[in-house]
Number of protein chains: 2
Amino acid sequence: MSTPQGARARARQEITAAIKEAARRQLAEEGAAKLSLRAVARELGMVSSALYRYFPSRDDLLTALIIDAYDSLGEASERARDAASTAPPPARWIAVCEAVRGWALAHPHEYALIYGSPVPGYSAPETTVRAAARVGLVLIGIVRDGHRGPGLAGLSLTAGLRPEAERMAADLAPDLPPEAAVALVAAWAQLFGLVGFEVFGQFHRVVEDREAFFRHAAARLAEGVGLNGS
Amino acid sequence: MSTPQGARARARQEITAAIKEAARRQLAEEGAAKLSLRAVARELGMVSSALYRYFPSRDDLLTALIIDAYDSLGEASERARDAASTAPPPARWIAVCEAVRGWALAHPHEYALIYGSPVPGYSAPETTVRAAARVGLVLIGIVRDGHRGPGLAGLSLTAGLRPEAERMAADLAPDLPPEAAVALVAAWAQLFGLVGFEVFGQFHRVVEDREAFFRHAAARLAEGVGLNGS
DNA sequence: CAAAAAAGAGAGCACCGCTCTTGCTTTGGA
DNA sequence: TCCAAAGCAAGAGCGGTGCTCTCTTTTTTG
């Protein structure tokens, strides 16, 4: 009688959260490949088969962690945008880029989970897609703001790309010129190229002052999407 | 006494090659996570323990595949460069970028192995590093050629980055101005950001005409390293 | 030709994901 | 209020994995 929603439902939520928490810790320590349902169960003091009441398979657990990671990254980028809300668009762009980088360096295994090799088979559940879009939306918003002001500077378009560019603009941000939509998507992928190379150690013995290097690259990325250097 | 080098040594080479070949096929079909020593041994008609005479662990087998993948990609990019050797540097740059993309799309699991999440622990044997440099060398060569001609166009440098830029230039290509070295490394990472997003499905429902999109992005990347549009 | 080195075969260990059955507890309707 | 239904934990067990150890056979070498 006590709790309205039923004590059992709440217990289920709590246990589900505890499982994800333990799994996330294992993920951070050992990586996705080493994440073991049995080890998670052991850490929680339950038997491994009991865990299947909460997640029907290891891949489902991983999918839950993937969605959480996308949300965490999205939140970090939104926080950076809001913290820089009074700055001009180029500075805001750089702030968000640095937030993405900072999050990735702080959570390398979770970053690998969402932007490295897709580990669970090849499924991309629809829920994942929505969670993945958050960072993109933040970037779109900044570019939109920037283009309201001084306008775009020096964005070109290869001949054959115009129809695709118009389609992309219509899908992504109808109020943006097609050139900007193309440049934005490219910059989006390139941002994660920079971050991924750093997180995955590809800059080893190539870039030393990675902080300064990234700041510079992010600034040039901003120019690339038409945000004229502040 | 027949063969000079010893029949056994040759047999060892052949078996090693056969193991790698079988492993590569499994890798292409199921991905690195599913690659199983036992399955490889089964396919070759030997018992799993015998395989340890050739590779001391599963990770060592994977490392061998990683090196081969780097070599294969490096070779593809060198072929593209040589095939376009008469074209002006910007066109050569684009050709190499497209070769990288083509190789990645043709060998997604091998691409994931080398540019996705680093799967075997966190070790990067020295041999791997040398193999990884090949694509980079091709890109450096093109930019060097380009800068011999008309010179760099509009490359800037953020204030604090100058010392790092000079260090990078000294290491990478002493005959290149520091601005170009920085731009080159950034473009290198960004190229693999574009390719990775496409291979790992991040462009799903975002970019449709990926061929045209990539061509455009590669062209802008060329401009970014100072190769003035042909 | 005999000693030494290399290779294969097999058993076995500890772990894994996952399924199925068996009891116990909570829940919700008659 | 009571009782069937549903939810959940536990245990045993299946087939698979990476890896180690021992034993035997084959090849190379002094």
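A, B, ... follow the sequence lines: proteins, then strands. Residue 1 opens every chain.
- When rounded to the nearest whole Å, the span between CE of M46(B) and C1' of dA7(C) equals 10 Å.
- Taking every heavy atom of both residues into account, A80(B) and A99(B) meet most closely at CB-CB, 3.4 Å.
- Rounded to an integer number of Å, the gap from CZ of R10(B) to P of dT26(D) is 19 Å.
- Residue-level contact check: L35(A) touches the backbone only, with heavy atoms under 4.0 Å from sugar-phosphate atoms and none from bases.
- Using bins of under 30°, 30° to 60° and over 60° for the plane-to-plane angle, the ring pair Y111(A)/F192(A) lands in the parallel bin.
- Residue F55(A) contributes atom CZ, which lies 17 Å from atom P of dG7(D) at whole-angstrom precision.
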Requested in this report: Applying salt bridge (charged side-chain N to carboxylate O under 4.0 Å, His left out), run through D171(B) and R205(A) and close with a yes or a no.
Outcome: CA-CA 9 Å; D171(B) 269 19; R205(A) 299 209 167 279; over 6 Å; no

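- Within the structure, every side-chain polar atom (N or O) of R53(B) is placed at least 4.0 Å from both OP1 and OP2 of dA7(C).
- The distance between atom CD of Q26(A) and atom P of dC15(C), rounded to the nearest whole Å, is 14 Å.
- Closest approach to the S49(B) side chain among dT19(C), dA11(C), dA9(D) is made by dA11(C) (side chain taken as heavy atoms from C-beta onward).
- Spacing between atom CZ of R12(A) and atom P of dA6(D) amounts to 16 Å, rounded to whole angstrom units.
- Residue pairs satisfying the ring pair (Phe, Tyr, Trp, His ring centres under 6.0 Å) criterion with at least one member in residues 24-79 of chain A, sequence neighbours excluded, are listed as follows: Y70(A)-Y115(A).
- In this structure, L51(A) atom CG and dG17(C) atom C1' are separated by 11 Å, rounded to whole Å.
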Mind listing the N/O atom pairs, protein and nucleotides 13-16 of chain D, below 3.5 Å?
{"from": "dG13(D)", "atom 1": "O6", "to": "R38(A)", "atom 2": "NH2", "distance (Å)": "3.4"}

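- In terms of modelled atom types and a separation under 3.5 Å, the side chain of E164(A) and the main chain of E208(B) share a donor-acceptor contact.
- Of the candidate nucleotides dG8(C), dT19(C), dC19(D), dC19(D) has the atom lying nearest to any side-chain atom of R58(B).
- Q13(B) places its CD atom 16 Å from the C1' atom of dA6(C), with the value rounded to the nearest Å.
- You'll find that the side chain of R8(A) is closest to dT25(C), out of dT25(C), dC19(D), dT17(D).
- Applying the side-chain contact (heavy atoms from CB on, under 4.5 Å) rule to A50(A) yields the partners M46(A), V47(A); only residues at least two apart in sequence or on another chain are considered.
- Note on I15(A): only backbone sugar-phosphate atoms sit closer than 4.0 angstrom, heavy atoms only; bases stay farther off.
- Between I19(A) atom CD1 and dG17(C) atom P there is a gap of 13 Å when expressed in whole angstrom units.
- E75(A) and R79(A) are joined by a salt bridge, as a carboxylate oxygen and a charged side-chain nitrogen come within less than 4.0 angstrom of each other.
- Considering only side-chain N and O atoms, Y52(B) lies nowhere under 4.0 angstrom from the phosphate OP1 or OP2 of dC21(D).
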